Amino acid sequence: MKGDRERCLEAGMDDYLSKPLHPDTLHRMLARCAPSAAAVS
């Protein structure tokens, strides 16, 4: 919904991912949050 991302980020979330999920977007987000885990995959 419009404004959800902004409200979530203002509330302190690190990032926001909406449906439908796209694998490349999910992978980039996970790499930012857990860079050592991205190196393993």
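For the single chain, residues carry numbers from 1 onward in sequence order. These figures come from a predicted structure and were not determined experimentally.
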Salt bridge (Lys or Arg N to Asp or Glu O under 4.0 Å) partners for Asp4, two or more places apart: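 By the salt bridge (Lys or Arg N to Asp or Glu O under 4.0 Å) rule, Asp4 matches Arg7.
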Tyr16 to Met29 - nearest heavy-atom pair and separation: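 For Tyr16 and Met29, the tightest heavy-atom pair comes out as O-CE, 3.4 Å.
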Leu17-Leu30 co-clustered via ILVMFWY side chain contacts under 4.5 Å: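 Yes; Leu30 is reachable from Leu17 via cluster members.
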Nearest-0.5 Å distance, CG of residue Asp15 to CG of residue Leu9: 6.5 Å
